[in-house]
Amino acid sequence: MIAKRGYSYTGVDISEKMLAELHQKLEGVSHKLTAIKGDATSLPFADNSFDVALTVHVFHLVSAWKQALAEIRRVLKPGGIYLYTHGNMNFSKVNEDVNQGRFDFQQRWQDIIASYDYPLPGYGATQEEVLGELREQGANLETVVAAKWQSELTVGKLLEYYRNKVYGNTWHIPDDIFARAIQDLQDWALQHYGSLDYDLSGESKFKIVVVSNWA
């Protein structure tokens, strides 16, 4: 959608499959977008190359996230703007963006995996860690709600997300443990909520943290 606005964009992803997905979506779309296979911790660009940098749901997947952050700062022009969004797929508490139902699901999943003596692998940073690092580096942060919508969600649909490995905390679990863990999660959900049709819907927000006076 942003490519259709007509501005000049450069996109970076380490996954060739994700780049192929982008190219497929761009078929028939007039755009000025260049997609490059690259590593966020070593961006293939000169210093001071861009007016704006945007990351969406990235740093919770990058172990060397501080290096990736430093690379973004390096390639931004002086006075450039960084737009950061973390998303709420990995969360540590109930808040205005995460309802009790989703939180209970994640906590139960973690407990189930732990019961099989298989610790969930750690990835990158939490939102709090990234924002804390930006503040320490002297950046100004302003949170903007870019969109709001009502998310329709049932227990059954959330179970399906786990079964289809939508969330990062399901990706690297061995198949044998995963199959048993999913069954355990479904058994718990049925007992806890009484029905797979139990409503977990709520308002969703897409928040962007505008980072300025940093580059």
Under 3.5 Å donor-acceptor, [X] side chain and [Y] backbone:
{"X": "Thr170", "Y": "Tyr167", "value": "yes"}
{"X": "Tyr9", "Y": "Ile2", "value": "yes"}
{"X": "Lys32", "Y": "Tyr7", "value": "no"}

Side-chain heavy atoms under 4.5 angstrom apart, residues restricted to Ile, Leu, Val, Met, Phe, Trp, Tyr: same cluster for [X] and [Y]?
{"X": "Tyr161", "Y": "Phe105", "result": "yes"}
{"X": "Leu141", "Y": "Tyr82", "result": "yes"}
{"X": "Val209", "Y": "Val144", "result": "no"}
{"X": "Trp149", "Y": "Val56", "result": "yes"}
{"X": "Leu76", "Y": "Ile208", "result": "no"}

Taking every non-hydrogen atom, the tightest pair across [X] and [Y]:
{"X": "Thr85", "Y": "Lys207", "result": "OG1-O, 2.9 Å"}
{"X": "Trp65", "Y": "Gly124", "result": "CD1-C, 4.1 Å"}
{"X": "Lys77", "Y": "Ala215", "result": "O-CB, 3.4 Å"}
{"X": "Ile72", "Y": "Thr55", "result": "CD1-CG2, 3.7 Å"}
{"X": "Asn48", "Y": "Pro78", "result": "OD1-CD, 3.8 Å"}
{"X": "Ile112", "Y": "Tyr116", "result": "O-CD1, 3.2 Å"}

Look up atom [atom1] in [X] and atom [atom2] in [Y], then write down how far apart they are to the nearest 0.5 Å.
{"X": "Glu203", "Y": "Ser201", "atom1": "CD", "atom2": "OG", "answer": "12.0 Å"}
{"X": "Thr154", "Y": "Leu200", "atom1": "OG1", "atom2": "CG", "answer": "7.0 Å"}
{"X": "Asp13", "Y": "Leu19", "atom1": "CG", "atom2": "CG", "answer": "5.0 Å"}
{"X": "His172", "Y": "Lys165", "atom1": "NE2", "atom2": "NZ", "answer": "9.5 Å"}
{"X": "His31", "Y": "Lys4", "atom1": "NE2", "atom2": "NZ", "answer": "11.5 Å"}
{"X": "Ile182", "Y": "Asn164", "atom1": "CD1", "atom2": "CG", "answer": "9.0 Å"}

Please work out which of the three classes, parallel, tilted or perpendicular, describes the rings of [Y] and [X], given edges at 30° and 60°.
{"X": "Phe45", "Y": "Phe50", "answer": "perpendicular"}
{"X": "Tyr193", "Y": "Tyr198", "answer": "tilted"}
{"X": "Tyr84", "Y": "His86", "answer": "tilted"}

Exercise for the section: Go through the side-chain N and O atoms of Asp187 and Gln191 and say whether any donor and acceptor fall under 3.5 Å apart. Expected result: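 Asp187 vs Gln191: no donor-acceptor pair found between side chains.
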Exercise for the section: List the steps, then state whether side chain to side chain contact (heavy atoms under 4.5 Å, CB included) holds for Leu153 with Arg102. Expected result: CA-CA 10 Å; Leu153 185 66; Arg102 289 195 62 194; 4.0 Å; yes
Practice task
Check step by step if side chain to side chain contact (heavy atoms under 4.5 Å, CB included) holds for Leu69 and Leu134.
Solution key: CA-CA 9 Å; Leu69 200 60; Leu134 289 167; 4.1 Å; yes
Practice task
Please step through salt bridge (Lys or Arg N to Asp or Glu O under 4.0 Å) for the pair Glu71 and Arg74, ending with a clear verdict.
Solution key: CA-CA 5 Å; Glu71 280 291 276; Arg74 178 182 68 79; 2.9 Å; yes
Practice task
Report the C-alpha distance between Phe206 and Ser204 in whole Å, list the side-chain angles of each, state the deciding distance to 0.1 Å, and finish with yes or no for side chain to side chain contact (heavy atoms under 4.5 Å, CB included).
Solution key: CA-CA 7 Å; Phe206 185 75; Ser204 293; over 6 Å; no
Problem - Min side-chain heavy-atom separation Trp109-Trp188 under 4.5 Å - result: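 They are not in contact (no side-chain heavy atoms under 4.5 Å apart), so the answer is no.
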Handout entry: Close side-chain approach of His192 and Arg108, heavy atoms under 4.5 Å
Key =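 No, too far: nothing below the 4.5 Å cut-off.
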Practice task
Any chance you could lay out the side chain to side chain contact (heavy atoms under 4.5 Å, CB included) test for Leu83 and Val210, step after step, and finish with the verdict?
Solution key: CA-CA 5 Å; Leu83 304 177; Val210 180; 3.9 Å; yes
Practice task
Going by the side-chain contact (heavy atoms from CB on, under 4.5 Å) test, name the single residue among Leu159, Asp111, Ile113, Leu190 that passes it with Leu185.
Solution key: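 In the set Leu159, Asp111, Ile113, Leu190, the residue that makes a side-chain contact (heavy atoms from CB on, under 4.5 Å) with Leu185 is Leu159.
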Problem - Centroid-centroid distance, Trp171 to Phe178, less than 6.0 Å - result: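 They do not qualify: ring centres at least 6.0 Å apart.
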